[in-house]
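Values below: all heavy atoms of this structure, side chains included; hydrogens, waters and symmetry mates excluded.
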Amino acid sequence: MLEPRPRPAAQTPPDLRTWLADLAARGRLAVARENVPLAHDLAAVAKRTERDKAVLFPHPLGSDGRVHDMPVVVNLFTHRQWVADALGVSEDQLLPHVLAAAAKPTPCVEVTSAPVQDVVHTEVDLLAQLPVPSHNELDSGPYITAGLLIARNPVTGVQNVSIHRCQISGPNRIGVLLLPRHTLAYYRMAEEAGAALEIAIVIGAHPALLLASQAICALDEDEMEIAGSLLGRPVEVVKCKTNSVRVPACAEIVVEGRILPKVREPEGPFGEFPQYYGPRAAREVIEVDAVTHRRHPIFHTIVGGSFEHLVLGGVPREATLLQHLKRSFPNVLDVRLTRGGTCRYHLVVKIDNEREGEAKNIILCAFGGHYDVKQVVVVDKDVDISSAEEIEWAVATRFQADRDMVVVSGALGSKLDPSTDGGISAKLGLDATAPLSDDPLAFRRIRVKGEESVDLNEALVKDPNAAFARIVAQVS
């Protein structure tokens, strides 16, 4: 059991604001003009800037003509390097750092007061109190997309942290999609007992907390403790005002509520990570009891299907898949979920190839690592798995379809993949490693000696136009 203690005044924990200050210092944060409409315009700006800038939108404009005082921020996770920077590690140490944090979680510390409860609303009107955007063209309305949904096991009290799409369905009502993971397991436990499941939706947290929420853990492993290890210090949590859920004390906003038993209402469509719409269907319903927030809070949103959506989900899955593969194959060096494969479906595995046929075993093991994985390409250690061109080159020069392809039919896949039959999918594996050979030149890559050490500032002239003109004058 957590022991509550007062929050130390002199200590400033990492939070969303410290990360935004870091982005600004690195030239990665843009600020939009005021009064950008929350319906689609905000998302349009976010999409145009998603490759290189986070964007802060001061005083966004609601669909009712109301100007919100609460700013909105997007594009916090547009690159893997940004994720590494948020955790204070290099990019090549990102996955080992995530794995180490998952292996040795840091228990949270409970405090009795918190900035996230500086302002408390018990009369709830979500769209009046929060600047909730509408993102993709056919989305059914405004959605909370970057909220950490925290639920407690109704029996043990252990908490789970995850991210779900949350449709604003009324002033105090939210439709939520619960996929077959831990939150749904907790909800079914409560529903079978005829009770609502107490939850909280946390909006505006340090990147470490969002990353930890995507870790693939066993039931009753608290992702908030993994976040503590990612940060190198315990996460301070505080008890909600209207239920027993503990939430990060230094978050920006908390929506407190209950997932109602035996209640389903229409939710969707919603633009999802595969770049298609998740369909409209009867989903679980949250009834909101209170909204709390910091003074002058910041609202974080994630555009459905954006780079931020993909990278946030991809990195923790990569770490879990790497750990899964290394248990049986120590010669697995690295993994990458590709952006073209929605950072979910297509996995590339780099290995130190030592035995013929082992790449196929690794492919089969990877399929068991997560049901979302639909295609696996295994490559040698000389291939840069962050480069789509390098991966394609390995397939083009080291793969033969009649020799190196693995196909598994009728396996469980992602229900959000529209090409599946209700989630039943075929799996494809490509062994793109070079066949082992005694010939030292058989699959040795060409290289130009000295390429890496060339100083282009020394090798090339500063004014090429003037130099070209002189050369033309000399030969004419």
Salt-bridge criterion met for [X] and [Y] (N-O under 4.0 Å):
X: Asp334; Y: Arg336; answer: yes
X: Glu318; Y: Arg344; answer: no
X: Glu50; Y: Lys47; answer: yes
X: Asp118; Y: Arg294; answer: no
X: Arg246; Y: Glu110; answer: yes
X: Asp15; Y: Arg17; answer: no
X: Asp220; Y: Arg152; answer: no
X: Arg283; Y: Glu265; answer: no

query: So does Glu392 have more than 12 non-hydrogen atoms from other groups sitting under 6.0 Å from CD?
result: no
- request: Using a cut-off of 6.0 Å, state whether more than 12 heavy atoms not belonging to Glu452 lie near its atom CD.
  value: yes
Check whether any side-chain N or O of [X] sits under 3.5 Å from a backbone N or O of [Y] as a donor-acceptor pair, and report yes or no.
X: Tyr277; Y: Leu138; value: yes
X: Asn243; Y: Val245; value: yes
X: Thr106; Y: Arg233; value: no
X: Arg317; Y: Gly313; value: yes
X: Thr78; Y: Glu308; value: no
X: Thr49; Y: Val45; value: yes
X: Glu223; Y: Ile150; value: no
X: Asn75; Y: Ala46; value: yes
X: Glu267; Y: Ser140; value: no
X: Asn136; Y: Gly304; value: yes

Examine Tyr143 together with Phe270 and report whether their ring centres are nearer than 6.0 Å. yes
Ring centres under 6.0 Å, that's the criterion: do Phe299 and Phe57 meet it?
no
Dump the intermediate steps for side-chain contact (heavy atoms from CB on, under 4.5 Å) on Val111 and Val237, then the final yes or no. CA-CA 6 Å; Val111 297; Val237 297; over 6 Å; no
**OP:** Please report the C-alpha distance between Asp85 and Arg26 in whole Å, then the side-chain angles of each, then the deciding distance to 0.1 Å, and finally whether the salt bridge (charged side-chain N to carboxylate O under 4.0 Å, His left out) criterion is met.
**Re:** CA-CA 11 Å; Asp85 291 343; Arg26 295 173 188 260; 3.5 Å; yes
Do [X] and [Y] touch side chain to side chain, with heavy atoms closer than 4.5 Å?
X: Val254; Y: Ile201; value: no
X: Thr420; Y: Lys415; value: no
X: Val285; Y: Val176; value: no
X: Leu310; Y: Leu337; value: no
X: Glu284; Y: Tyr187; value: yes
X: Met189; Y: Asn153; value: yes
X: Phe307; Y: Arg339; value: yes
X: Leu209; Y: Leu230; value: no

Is a donor from one side chain sitting under 3.5 angstrom from an acceptor on the other, for [X] and [Y]?
X: Gln167; Y: Ser169; result: yes
X: Thr183; Y: Asn160; result: yes
X: Thr301; Y: His135; result: yes
X: Tyr371; Y: Ser414; result: no
X: His296; Y: Glu252; result: no
X: Glu256; Y: Thr242; result: yes
X: Ser162; Y: Ser213; result: no

- Item | CA sep, side-chain torsions, deciding dist, call: Asp417, Ser425, side-chain hydrogen bond (donor to acceptor under 3.5 Å, both in side chains) | CA-CA 9 Å; Asp417 175 0; Ser425 175; 4.8 Å; no
Which pair of non-hydrogen atoms, one from [X] and one from [Y], has the smallest distance, and what is that distance?
X: Arg280; Y: Pro269; result: CB-N, 4.0 Å
X: Leu321; Y: Ala366; result: CD2-O, 4.3 Å
X: Arg80; Y: Val311; result: N-CG1, 4.3 Å
X: Gly278; Y: Arg165; result: CA-NH1, 3.8 Å

Roughly how far, to the nearest 0.5 Å, is the [atom2] atom of [Y] from the [atom1] atom of [X]?
X: Leu127; Y: His68; atom1: CG; atom2: NE2; value: 7.5 Å
X: Lys326; Y: Leu95; atom1: NZ; atom2: CG; value: 10.5 Å
X: Ile199; Y: Ile286; atom1: CD1; atom2: CD1; value: 4.0 Å
X: Leu38; Y: Asp64; atom1: CG; atom2: CG; value: 9.5 Å
X: Leu87; Y: Leu94; atom1: CG; atom2: CG; value: 6.5 Å
X: His309; Y: Gln275; atom1: NE2; atom2: CD; value: 9.5 Å

Audit row: Lys374, Ser419, side-chain hydrogen bond (donor to acceptor under 3.5 Å, both in side chains) steps and yes/no: CA-CA 11 Å; Lys374 179 180 180 181; Ser419 70; 3.1 Å; yes
key: Step-by-step ring-ring contact (aromatic ring centres under 6.0 Å, His included) determination, His121 to His293   = CA-CA 9 Å; His121 301 277; His293 58 76; 5.1 Å; yes
Those residues at least two apart in sequence (or on a different chain) that pass ring-ring contact (aromatic ring centres under 6.0 Å, His included) with His79 are Trp82
Please evaluate residues Leu231 and Val235 with respect to the criterion side-chain contact (heavy atoms from CB on, under 4.5 Å), reporting the C-alpha separation (whole Å), side-chain torsions for both, the decisive distance (0.1 Å), and the verdict.
CA-CA 8 Å; Leu231 290 168; Val235 175; 4.3 Å; yes
* For Leu56 and Val72, run side-chain contact (heavy atoms from CB on, under 4.5 Å): C-alpha distance rounded to whole Å, both residues' side-chain angles, the deciding distance at 0.1 Å, then the answer. => CA-CA 6 Å; Leu56 187 68; Val72 177; over 6 Å; no
Sorted by chain and residue number, the side chain to side chain donor-acceptor pair (under 3.5 Å) partners of Asp289 (sequence neighbours excluded) come out as Arg258
